[in-house]
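Structure, as structure tokens:
We count ligands from 1, going down the list as the structure has it; atoms in each ligand are counted the same way.
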Amino acid sequence: MSADRARLLIDCPDGPGIVAAVSGFLATCGANIVESDQHCTRAVGGHFFMRMTFDVPDLAGRLTALREGFRTEVADRFAMAWRLTPEAHPRRVAILASREPHCLFELLYRAERGEVGGDVVQVLSNHPDHRAAVERLGIPYHHVPATRETKPQAEDALLEHLRGTCDLVVLARYMQILSGDFLTRLGLPVINIHHSFLPAFVGAAPYQQALDRGVKIVGATAHYVTEELDSGPIIEQDVVRIDHRADVAELARLGADVERLVLGRAVRWHLDDRVIVHHGSTVVF
Ligand SMILES: Nc1nc2c(c(=O)[nH]1)N[C@@H](CN(C=O)c1ccc(C(=O)N[C@@H](CCC(=O)O)C(=O)O)cc1)CN2
């Protein structure tokens, strides 16, 4: 990982001259573009998306000036939504879990191997089950019990631990619905793994819903969390075939492998600045 490497994510109304303006600005800064990817929603009158990776000497010392120059010379001209982030910028991840362990430990395993794109700085759970295993990895574990009656107090406690200490929150089969007020006060991206192929089977017990419906595939969906349950922008999905012999335990067993893969991909892509959210959907470079 180079200290002088940065990622630039852009989306704006499509039109002529965008790529030339961005690459021209970077050239005047002495930047070398090492990766560039773009997408337009349609030929005319659409929306433009781009992800660039570039190297620029003394990035740390010039970051503020680089951002200000890009804003005034390029972004404002094209009404861009954008973010320019050093690749080496710390990406601290907090994981919320309940009893199911597989997604939590998938992320911890991947983080140990440097495959998440950030550091897991704490685990919080409404159950004490995983404290010993998490703390053996040297990661703080906070048990924050939550019931329907105590949800406001539990959310206050979660915010105490989360605000100012992390850059991304991941719900690894965390089984508490978070309030809109909590999400607003948190002010960070939250990624959830839902154990169905959304929009099918929203809410609790999707495997039982799938069994009752007689489906032939089950799946998992990683999405950004919004106040509306399981309705946030989808980042990644995958499925596995099942048949009439499967009961709900078998569905959960087969589905767990899909959940782990889908969540691992989504967290990595988010932390690699590959995901742009636009009008409730995502572009994933
Ligand atoms: N605001 C949001 N909060 C949460 C979301 C979300 O999309 N928006 N996703 C859920 C995860 N989830 C499905 O993936 C889910 C979790 C829990 C429930 C639910 O009905 N929970 C009950 C309590 C269940 C219990 O105590 O065991 C509840 O909170 O009343 C449905 C879906 C995470 N949060």
Around [atom], find the nearest protein heavy atom and jot down its residue, atom name and distance.
atom: atom 31 (C) of ligand 1; answer: A204 N, 3.6 Å
atom: atom 5 (C) of ligand 1; answer: L229 CD1, 3.5 Å
atom: atom 26 (O) of ligand 1; answer: Q176 NE2, 2.9 Å
atom: atom 24 (C) of ligand 1; answer: M175 O, 3.4 Å

Of the choices V225, I177, L198, I191, which has the non-hydrogen atom that lies closest to atom 19 (C) of ligand 1?
I177

Check each of H194, R148, R173 against atom 14 (O) of ligand 1 and report the one with the nearest heavy atom.
H194

Polar contact flag for [X] and ligand 1 (N/O pairs, less than 3.5 Å):
X: D230; answer: yes
X: L178; answer: yes
X: T226; answer: yes
X: N192; answer: yes

Side chains of [Y] and [X]: any donor to acceptor distance under 3.5 Å?
X: T53; Y: E87; answer: no
X: E149; Y: T147; answer: yes
X: Q122; Y: T165; answer: yes
X: H47; Y: D14; answer: no

Can you find a non-hydrogen atom of G203 under 4.0 Å from ligand 1?
yes

contact_flag K151 ligand 1 heavy-atom lt 4.0 Å:
yes

Should the ring pair H278 and F49 be called parallel, tilted or perpendicular, given that the plane angle runs from 0 to 90° and is split at 30 and 60?
perpendicular

Would you say the ring centers of F201 and H194 fall short of 6.0 Å from each other?
no

Under 4.0 Å from a heavy atom of [X]: which atoms of ligand 1 are those, numbered in the order shown and with their elements?
X: H223; answer: 7 (O)
X: L171; answer: 33 (C), 34 (N)
X: E227; answer: 1 (N)
X: Y174; answer: 11 (C), 16 (C), 33 (C)

Compare every heavy atom of G264 with every heavy atom of L107, then report the nearest pair and how far apart it is.
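Taking L107 first and G264 second, the nearest heavy atoms are CD2-CA, 4.3 Å.
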
Residue E160 excluded, over 12 heavy atoms near CD under 6.0 Å
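Open: at most 12 neighbouring heavy atoms sit under 6.0 Å from CD of E160.
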
Between E259 and R173, does any side-chain N to carboxylate O distance fall below 4.0 Å?
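A salt bridge is present here (some side-chain N lies under 4.0 Å from a carboxylate O).
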
Decide yes or no for R5 and V34: does some side-chain heavy atom of the first lie under 4.5 Å from some side-chain heavy atom of the second?
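Yes, side chains in contact.
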
